[in-house]
Amino acid sequence: MHNGTTVTQFIIEEQRHIKGATGEFTALLNEIVTACKVISNAVNHGALVGVLGSAGSENVQGETQKKLDVISNEVFLKSIEWTGHVAGLASEEMDDPYPIPSQYPRGKYMVVFDPLDGSSNIDVNISVGTIFSILRAPEGITDAKAEDFLQPGTQQVCGGYALYGPSTMLVLTTGQGVNGFTLDQNIGEFILTHPNMRIPEQTQEFAINMSNSRFWEAPVKRYIDECLAGKTGPRGKDFNMRWVASMVAEVHRILTRGGIFMYPIDEKIRSKGGKLRLMYEANPMSFIVEQAGGMSTTGRERIMEIAPENLHQRVPVILGSREEVQTVIDYHKEG
Ligand code: AHG
Ligand code: MN
Ligand code: MN
């Protein structure tokens, strides 16, 4: 018998301290947790159940969809649509918000999600994840349209991700710190294993796709050049580098041992505004990082304060250990 705290118990106990909480949020989160378990199971079985490879279609971003992108999206929608707790669902994999079937009741929340993050890693058996953000539906809205989702990250009720790595983990914030849970495959429950996760303020580890370096802006180039210069350079210490190409895995590493993650704006992607999506990647991850004592910025503004203009908007992302992120912000100020 396990005697740890399950994610459900944890959320119920956390919600007890919130005035006016009705249990709706807890019930919604439970279904998100179930969706993550189903996706984890599909990811774990991989080629055995024929879920690897391309789906032969493109999403709204013009990216080729993997079979698991499509499956995970479907799992998320089906797990949540019936609950009666949502007035809207929107996903990286769908052009427009999902129309909730008319037979289901509506609720006060909206969920925005990236069903499978890092999907280029799927076929090579490297960690992937799911990212989600829970928002409140605007007053009186029962079938949310794209504009109803356009709230700044500061309005999020919950930000979370599931990481499908050597073990499956769920990491969550509702604005009261960050907690991590590990899936016990034998009993099918996420158990609290990483209470109150905090990002160390300093780091000697950076994560950036170096192949884009010739396209970067001067402040980012300066920061990375100084990291690379090591002990005898202006930073006076040696740095290490990682790049998994799964944001979930990078953020999880940073929550565990510190670091800085950057997908900055560069000349190649300037017209798109960035690489990562504001609503379902940058905002939930920024909420988690800030709640763990880190910082998250575009280089010029706090990500969570951006007023979104469209659902699939992209932004530059620089997040992680406070002191390093502040250094990058300072370099942007200096030009
Ligand atoms: P997704 O698989 O949901 O499209 O997201 C992939 C993202 C992110 O997780 C990762 O940090 C980045 O794209 C990797 O980009 P590069 O391939 O340019 O390194
Ligand atoms: Mn993604
Ligand atoms: Mn994705």
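For ligands, and for the atoms within them, numbers begin at 1 and follow the listed sequence.
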Is [Y] paired with [X] through a side-chain N to carboxylate O contact shorter than 4.0 Å?
{"X": "R300", "Y": "E217", "value": "yes"}
{"X": "K67", "Y": "E93", "value": "no"}
{"X": "E24", "Y": "R106", "value": "no"}

Item to check | F113/Y280 aromatic ring centres below 6.0 Å | outcome: no
Checklist entry - Side chains of V315 and E281: closer than 4.5 Å at any heavy-atom pair? => result no
Next on the checklist: With a 4.5 Å cut-off on side-chain heavy atoms, are I260 and I254 touching?
Outcome noted: no
Checklist outcome for this item: Protein N/O/S atoms closer than 2.8 Å to the Mn ion (ligand 2), ordered by chain and number, come to D114 OD2, D117 OD1, E281 OE2
Next on the checklist: If only side-chain N and O atoms count, and only distance matters, is there a donor-acceptor pair under 3.5 Å linking N283 with S133?
Outcome noted: no
Checklist entry - Does the side chain of Q61 come under 3.5 Å of the side chain of R314 through a donor N or O and an acceptor N or O? => result yes
Item to check | Donor-acceptor pair, side chain of R270 and main chain of I265, under 3.5 angstrom | outcome: no
Checklist entry - Any idea which residues sit under 4.0 Å from ligand 1, heavy-atom distances? => result E63, E92, D114, L116, D117, G118, S119, N209, W243, A245, S246, M247, F261, Y263, K275, L276, R277, E281
